Each structure stands twice: as structure tokens, then as C-alpha cells.
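Only one structure is covered here, and it is reproduced in the block below.
Note that the structure is predicted; figures quoted are calculated from it, not measured. The first residue of the sequence shown is numbered 1, and numbering continues consecutively from there. All ligand and atom numbering here is 1-based and tracks the order in the structure.
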Amino acid sequence: MTEKIPHAYVIGYPVKHSRSPQIHRYWLEFYGLAGSYDLAELEPEQLGPFINFLRQAENAGANVTIPYKQTVISHLDAIDEDAQNVGAVNTIYKEAGKLLGTNTDVYGFLTHLSQSVPEWHDDVEEVVIIGAGGAARAVLLSMKKANKINVHIANRTIGKAQNLANEIYARAKPIELSKLNTVLGSADLVINTTSLGMTGQPPLRFDVAVLPGHTIVADIVYSPLKTKLLQQAEDRGLRTVDGLGMLLHQAVRGFELWFGVRPQVTGELRQMVEKSLVSAS
Ligand code: ATR
């Protein structure tokens, strides 16, 4: 009998920009494992059929990215507590013949934040999250898990920020994006979770000068690696946290579930992905 080679995918639309294949293929080679990891760019009507395709024995699972992190849930057999709490799935895997969904973004964000600024927990009381979309959900839950009590959600559409607070963390206070400056003056940690500042998107309008000198500035955008927000924060001497680390750390659990080895996020892996981001920009 020939041994089955597990296949995994990243599904989304668009998905060609994704760095996930590079990360998982690096680990497959590094650990000498048989397996594959490919892009699957899906139109909305292809999502259901593709999830059924994942049920075939040779397929181990998938990562899920924009815009399917929430819509994919109805196609799965069950989702675990992490995915329920975030209200979104970024990783699909199999257990006892069932197709299950989890969410590793909270782990990815908190692990990278702790590695980038080890003292962050002691230094942070006031948090400002910019944005109230899919990525903001995981970041808000991260702050709840870390017992941060003073959290503001600044969003263009205030109703969405209110909904996010209602669903995930009732203590969080919504604020209109246009009034961002009123909360920045006392912010210890600011996190951009919108796509503003990403290559091809408008910049995030942000006055770094308003921030106190000890503020930590994080951006979940990783293309470009150093967004204008991070560059301005760095120029002011503030501590910064980039978006690439979250991507690398969220990938760990998926690889472990599909291929059976818990991989390391090494400097070599990071440099490889950084290089490809620089050459693409
Ligand atoms: P994702 O799943 O990647 O988080 P999303 O759910 O579409 O994407 O959320 C995008 C976030 O960026 C939202 O907070 C959105 O604000 P609205 O809720 O008001 O739509 C924010 N965003 C996107 N483009 C923006 C813009 N030009 N100005 C201000 N905010 C913007």
C-alpha cells in the first residue's frame, strides 16, 4: 500500500498575494516531510464544492483568508471554542472523519506581540484598535484574553465597532475614526487592523505626534513590511510591531494539525518571506 501524502491549501479571493504557501513549503522541506500546500482562488459559488473536495482522504485541510473567514463556517461540521469566540475560521483540519474549523489569529497576534515587545503587558493599560472588520475580531479577543480593560475601537462606521464590542468584548468602547485623536493622547498600545496602508490601498491618516513617547504601535498589514504608520512611529522612537510576525505565528498550528510536526518560526524563515515582500514591492 502506498502512503498517503497530505495536501493543504489556502482558500480566498483574491489569494495570489498570500505568503502562506512559501511558509508551509519551507517547513515541509525543513522537516523533510511529504506533503503539499497550494493556493486555491475561489469565486463565492466555488466555496461549497471546494469544502466537499477537502473531505477527500488525501486532503488534510486549509487556511482560510479574505473574504471567507466567516462564510466558510456553515460548510464545516463544527468549529472549536477559539473559532466560536472570534466568530471566524482561519484554519480547517480533520478529526475523526469530521471537517473542523479553528482560529489561530489570536495566538499569532499575542505571540508576536510578546516576542516583539516582551514587556508589553506591564506597559499597557489603554488600547486603541483601529478598524472593526475580520482582523479586528481576533485582535479585540486578544486584548480581552490579556485582561486589558480600557479598549477603544475606532472605526469609520461606528455601528460596526459597536457590534464588535457587543459580540466579543462588551467593555470595549466604540469611537468614530474621525475622532481618533481624542483617544490617542493616552494610548499605550495602538493597533491598525484595517487594510489602510497596504500596497495599493489608501494610507491610514494618523498623527503619530499625538501619541505619548512610550506608546507601542502595531500594524497587521505586512505588505509593505514597514507601513507608513510603522515608519512614522519608528522615526519618533516608538516601539513597533509589524504584521509579518502574526502571519508566521498563526501558521504554526495549521502545519502541526495537517503534517504532524509543530514547526519553529525561525529567523531564516522570516528573512525569506521578508525578501519576497521587498522584491514584490
Ligand atoms: P478584514 O476582514 O480584512 O478585516 P473588512 O471586514 O472589510 O476586512 O474590514 C475592513 C476594515 O477597514 C473596516 O474596519 C473598514 O471600516 P468600515 O467598517 O467603516 O467599512 C476599514 N476601512 C476600509 N477602508 C477604509 C477607508 N477608506 N477609510 C476608513 N476605514 C476603512
Side-chain angles (χ1 to χ4, degrees), residues 10-20 41-42 44 47 62-74 79 82-92 101-106 108-109 112 127-144 151-169 172-184 187 190-208 217-224 227-230 241-247 250-251:
V10 53
I11 62 181
Y13 191 93
V15 82
K16 290 198 176 77
H17 66 282
S18 171
R19 292 300 189 273
S20 293
E41 189 156 280
L42 305 176
L47 181 64
N63 280 128
V64 185
T65 187
I66 293 169
Y68 299 128
K69 285 187 178 187
Q70 285 169 282
T71 47
V72 78
I73 294 174
S74 63
I79 62 172
D82 288 338
Q84 279 171 32
N85 288 339
V86 182
V89 161
N90 77 335
T91 305
I92 299 172
T102 185
N103 193 302
T104 66
D105 284 336
V106 174
F109 180 72
H112 180 50
V127 180
V128 177
I129 297 174
I130 303 172
R137 304 181 80 89
V139 170
L140 182 59
L141 186 60
S142 301
M143 292 303 110
K144 183 182 177 184
V151 180
H152 299 274
I153 309 169
N155 200 44
R156 178 178 57 179
T157 315
I158 191 149
K160 276 213 223 162
Q162 183 64 63
N163 288 345
L164 204 64
N166 292 345
E167 281 178 46
I168 293 179
Y169 193 23
K173 301 176 212 63
I175 178 173
E176 276 169 29
L177 189 60
S178 57
K179 298 195 182 123
L180 182 63
N181 276 3
T182 61
V183 287
L184 288 185
V190 179
I191 309 137
N192 173 43
T193 73
T194 73
S195 50
L196 297 174
M198 192 187 284
T199 310
Q201 301 290 320
L204 173 71
R205 274 202 234 115
F206 190 97
D207 186 5
V208 196
V217 178
D219 202 334
I220 67 146
V221 172
Y222 64 83
S223 176
T227 58
K228 205 170 153 204
L229 172 67
L230 293 180
V241 181
D242 67 36
L244 178 56
M246 178 180 177
L247 177 79
Q250 65 76 33

(request) Could you pull out the closest heavy-atom pair between Ser18 and Val10, with the gap in Å? (result) OG-CG1, 4.0 Å

(request) Applying side-chain hydrogen bond (donor to acceptor under 3.5 Å, both in side chains), name anything that partners Glu167, two or more places apart in sequence or on another chain. (result) Arg137

(message) With a 4.5 Å cut-off on side-chain heavy atoms, are Ile130 and Leu177 touching?
(response) yes

(message) If you define the side chain from C-beta out and look only at heavy atoms, does anything of Leu196 sit under 4.5 Å from Phe206?
(response) no

(message) For Gln84, give me all partners under side-chain hydrogen bond (donor to acceptor under 3.5 Å, both in side chains), at least two apart in sequence or on another chain.
(response) none

(request) Using side-chain hydrogen bond (donor to acceptor under 3.5 Å, both in side chains) as the criterion, list what pairs up with Asn155, not counting sequence neighbours. (result) none

(request) Enumerate the protein residues lying less than 4.0 Å from ligand 1, judged by heavy-atom distances, in chain and residue-number order. (result) Ile66, Gly131, Ala132, Gly133, Gly134, Ala135, Asn155, Arg156, Thr157, Lys160, Leu177, Thr194, Leu196

